[in-house]
Structures are given as C-alpha cells and as structure tokens.
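Below is one structure, written out as structure tokens, with a few remarks after it.
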There are 2 protein chains.
Amino acid sequence: MNLPPLAAIRAFEAAARHGSFTKAAEELSMTQAAVSYQIKLLEERIGTALFLRRPRQVTLTEIGARLSPVISEAFDMMRAAIAATRENADGVLTITTIPTFAANWLVPRLGSFQLAQPALAVRLQATREIVDFSRQDADVGIRSGSGRWPGMIAHKIFDADFTPMLNPALAASIGGVKTPADLLKLPIVDPSDPWWQLWFAAAGIPEPDLRGDPRSRYGDQHLEGKAVIAGQGVGILTPAFYETELAQGQLIQPFDIVGTADHFYWLVYPEARRNVPKIRAFRDWLLGQLEER
Amino acid sequence: MNLPPLAAIRAFEAAARHGSFTKAAEELSMTQAAVSYQIKLLEERIGTALFLRRPRQVTLTEIGARLSPVISEAFDMMRAAIAATRENADGVLTITTIPTFAANWLVPRLGSFQLAQPALAVRLQATREIVDFSRQDADVGIRSGSGRWPGMIAHKIFDADFTPMLNPALAASIGGVKTPADLLKLPIVDPSDPWWQLWFAAAGIPEPDLRGDPRSRYGDQHLEGKAVIAGQGVGILTPAFYETELAQGQLIQPFDIVGTADHFYWLVYPEARRNVPKIRAFRDWLLGQLEER
DNA sequence: AATCTCACATAAGCTGTACTTATGCATGAT
DNA sequence: ATCATGCATAAGTACAGCTTATGTGAGATT
C-alpha cells in the first residue's frame, strides 16, 4: 500500500500535537490555510475524518486519535536517526591512504591527532585504489601522484624520495659504507625496485650489479623497512618515513644523495568539502606535524 | 530540528531497500533521474554521502547503512498505522441518533444488523444535538425534521406521529375507553406534551381539560412509554415505536386517529459518503427492516 | 443584545519543487 | 571492440502545495 503524501502526514502530525491548525502552521512555517488544505487532503485520501471542527479548536476523532501517536513516533524515529547521522557524519573521520604511508607515517602519529581532537573518531582505509570520493566512503585521502586532480584540493606532504639505508651493525660488518659502491658488497633488499637504478645513476654508478635474491622482495616499503632494520640487507627507502629510526640509530643513511621521481605524497579531499570541520581539523593537524620537523 | 524533505527520505528508503535507483524509481512510479536528484538533495541536506556510486550498482555508505533500517522501520510503522486506520474506518460504524429512536427502535433491532454484518462494529451516540458531520464523529445520523439538509442524503424512516396508548388493565378500570373523552378520566402521562393538544383537536375535542400532574413528566418518549406500560396513565406515543408491545397486548391503541406534525424520522448521511460500504450496508439494512412491517 | 474576536474553510491564483525527457559517461558483460 | 546497464546532469515543465484574501460560525466581551 502506498503512503499518502508525506506533506499531508507531516501537517497532520503537527496539528494533532498542537490541537490547532494555526499553531501547526506556525511550527511548519506555513499558513493556516495550507495546513487546512493538507489535512483535508489526507482525510479524503484515507477516507475518514481525522479532526472534528469545533468552534474555537479542532479535536481528533477517535480514528485520528489512534493514528496520531503512531505517526508522531515514526517521525521522532526519523528525526533521531537523522540527528544521529549528522553526529556520525561530524564525528567520524574516514581516511583512505596508501598502506605504506599508513604504516610508516600516519599510524605512529595518529595518537597525537586523537589527543588533539578527542571528539573525532578515525577510521582508516588502507588501499592502493586511486582515490575517488564518489565511490569510496572516505573524507580525506592520502595518495601519491602529480597533485593535479580536478575538483580536489591537494596539499603536498613530502617528496616520495629515496636513498639507501641499512642497519649500522650491517654497515660495520664490512668495515663501514664509505662509497656507493660499498653497498654492492651487501645483500640488497628488493633489488627489483626501480628506485635502485635511479639512485645509483644519481650516485654516479649507471649500471650497478644488483644480485637479485628472490627471497628479498616485499612489494611494500613497510615490510622492506622492517627487513632493513632487522639487518637483512640494504634497502632503498624514503627518509621521511624513518625519521625516528634514523634519530635512534636503528638505521643509518650513509649518503646525502637522494633520488627522486618527482612524485609526492598528497593529502587530498573534495574542494566542496574543504570547510567541513573534521576535514579542516585533520588538514591543520597534518600540516602542523610536517612543520614540526 | 526539521526533517529533510520527506520526498527525499522516501526516495532514499526505497533506493536503500533495492540497492538501485532504477528499481526504486519503478517502485515509486517515477524516473531514475528523479530518484537520483532526490538522493543528491538529501545527501546535501544532511551533509554526508549516503550511497557509493559503483559501476552498475549503488551501495550504502556506512552512515547510509545505519540510517536506512531506521527510516524503513519508521515508514513501516506509518504504513501499518494508516492501514489500521483504514480498517478501523471501514470496520466501525458510528451512528448518532436521538435517544428516543435509539431506545425504542434501533437498539432492539441492532442485533439483526450485527448478525447480517458481522465484520462491522457499531458505536452508538445518543444525543439530541443537530446532526453536523463536520463536528460529530459519526458516519450516519438519525434525526427528526423536515428532511431538507443541504449536502445530505435523507431517507424517511417513518412519521413521527402520535396517538394515545395505555395499559389494557388501566382501560378496563374505567370500563374501557370508548370515546376520546374517556381518556380524560385517566391520569395523563406528561400533560404538557404539545402532542396532546394536537391529537385532541384532531379527535374533535379542541380544549381538553388536561389535569397536570407534576410528577408525570418525563421529557423522553422512552421513559414515558415505560410509565404507560406500567399502567401509570395514558401516554401519547408514536405507534411505530411500540409495535411489539401492541402486538403482545402490553399496550393498546384505543383509536385509529393519529396526530401528525409533518415531522419525520430520517436516516441522514453526507452525500459524498453515500457509497462507503458500511454506510451502504446500514442504509440497506434499515430500509429493509421498514419494509418487513 | 450587539459586537468583537478567534479559529478554520474556501476560492483563486501563483510559485517553486519535484518531476520528465534527453543525453552523457563509466564500466562490466558479451 | 562493441554493447548494455545504471547513474549523473542539464534543461524544461507541470502541478502540488503554497499564499493571499475572504467568508463563516460560535465563543467571548461589552
């Protein structure tokens, strides 16, 4: 069965609550005539009188009196649900991020964001799919790329640059790493990574002999980093991801030479939503974190 | 907080149930474009995406998924309530009737109506107020009057005529009632009733001596009738109300002379509702009852 | 008793929302 | 490679739903 026009039901609900068409009209910001019209419509639609028109007031008929509380309850439910949705929409920040950035940078720092924004819950989606907010349930994204996405605002986070890193003990085992060529004496973690070629070229070694060890391929900088810290070989990593480990001496960066592919990490979100409070808060926090360096 | 436009909510509810704008549009008998438009409106209104647009289908976002069941439930409530109202409206017949007719004619016969229409419940309102269906919660009315009410259909039930009646034992106590004048030898139940004047005039006694006995005024033919049956005096009553008592000999009607004030009992109901089944059923039953006489 | 006031009904006319039609776009299926 | 499907979007339209203006009836007020 089809519902009667909802505008009519809404008018009925308000009129029943107030016992007055005039007051209902005020509540709904319309005229008394409009309420009268809608209620007449509803009565015709369901085929029975809902109100008794008495001189200075209207009263519910028996049928109207039975209908009214149920309708009110249904409206309350909807009101509550939509209010909850609003809170939910405001109170949960969903971040879609590439896994590497999540593991190496975001997750370790999220605690500070949550301290700063205790009312905001964070939901993380680590995925490599290109970010498309019309088909991903997310508020902000972190992606690498050119930074040009139509309709999107993109803040540069840092360069996806790369340089060799290794465990200091591993370096000591060959008497220290003095020249780029020294690296070739050590196992290479993921020698298939194209970054190696780029970096050695930048370091003046155009065609390095990278002895491939099939076991050492991780496909993810996060895992590669773990292997390097554990001393399993030299890795080519993004320094910004390993600030802590470098500071604590778990890793060393033997050369200042840094490769780059003109590739950046970006914080992105739809331009239309740039003033949504939770998005603002996250952007400000993230940019603040970068300045602290 | 104000609810978003209900048309948008309805579109959302249907789309969420179907997981498809196209199917929702079919259900609501509108185009896919309209559903798309409404949902976009709703999303803007509550400030968050509700659907993820995936190729060949739409999926609810987390927030949409939380909202949807509540909205569906609210709609189900309303649907059920309105369906119940319809049943109620169809299943309860409210009759507003003048008390005399209720007591003397209608109530004793209602059992037969209820046997004939077991699905119909009857609610009786005995009141003397003029019948006005816009301010009385009733489906049909029984009133006396001229039979001309604008916008109303009125079926004549019978003449509100009147003639003296009395208990046969009372008649015997004065050796029988042979002439109208004989009545004056007996106590008159409610001598203030204007019908007496009219009847005696019709019977050829223009100025009868009605010895008023202040105790014997009832103001209601029903009570008056009880007194007459009990032998407390002669009453002036409407024969149609006392068919049973006359047949069984509890009352006698000594003269065929019947007074009338061109006043009838009418069954009335709004013209616009003449085809409502319960009203039809009652009208047909009532007219049938009259023919059986 | 006469007048006033209040609340709703009704008519006429307007306005803007919610629709349709037409088209475009992306993607999964064939 | 082509087709089919499902949603988005733009433009134009129709009519529901509104406002304005006025009428009505019965309490309230004097």
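Reminder, nothing fancy here: chain letters follow the sequence lines and each chain counts from 1.
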Here the distance between atom P of dC6(C) and atom CZ of F21(A), to the nearest Å, is 19 Å
Within the pair S20(B) and dG6(D), is there a side-chain N or O less than 4.0 Å away from OP1 or OP2?
no
Any idea which of dA18(C), dG17(D), dC18(D) is nearest the P5(A) side chain?
dG17(D)
Roughly, in whole Å, what's the span from NZ in K40(A) to C1' in dA16(D)?
16 Å
Mind calculating the distance between CD1 (I39(A)) and C1' (dC18(D)) to the nearest angstrom?
15 Å
Any side-chain heavy atom of F282(A) within less than 4.5 Å of one from Q117(A)?
no
Test F133(B) against Y269(B) for ring-ring contact (aromatic ring centres under 6.0 Å, His included), laying out the working first.
CA-CA 8 Å; F133(B) 291 97; Y269(B) 47 84; 8.2 Å; no
Any base atoms under 4.0 Å from V58(B), or only sugar-phosphate, or nothing? Heavy atoms, all strands.
sugar-phosphate
Answer with yes or no after comparing the ring centroid distance for F241(B) and F158(B) against a 6.0 Å cut-off, counting only values under it.
yes
Does Q38(A) place a side-chain N or O at less than 4.0 Å from the phosphate oxygens OP1/OP2 of dC18(D)?
yes
A33(B) side chain, from C-beta outward: closest of dT10(C), dG17(D), dA10(D)
dA10(D)
Using salt bridge (charged side-chain N to carboxylate O under 4.0 Å, His left out) as the criterion, list what pairs up with E44(A), not counting sequence neighbours.
none
Between C1' on dG17(D) and CZ on F12(A), what's the gap in Å once rounded to a whole number?
19 Å
If you check the M30(A) side chain, which of dA7(C), dG17(D), dT19(D) turns out closest?
dT19(D)
Between R66(A) and E62(A), does any NZ, NE, NH1 or NH2 come within less than 4.0 Å of an OD or OE carboxylate oxygen?
yes
Integer-rounded Å distance: dC8(C) C1' and E26(A) CD:
14 Å
Atom-pair distance (CD on Q32(A); C1' on dG17(D)), nearest Å
15 Å
Looking only at the side chain of T31(A) (C-beta and beyond, no hydrogens), which of the listed nucleotides dA7(C), dT20(D), dC19(C) gets closest?
dT20(D)
Describe the nucleic acid contact of S36(B) in one word from base, sugar-phosphate, nothing, applying a heavy-atom distance below 4.0 Å.
base
Whole-Å distance between dT22(D) P and Y37(A) OH?
22 Å
Select one nucleotide: of dA8(D), dT10(C), dC18(D), the one nearest the side-chain heavy atoms of R53(B).
dA8(D)
Nearest whole angstrom, please: distance from the C1' of dA18(C) to the CG of L6(B).
14 Å
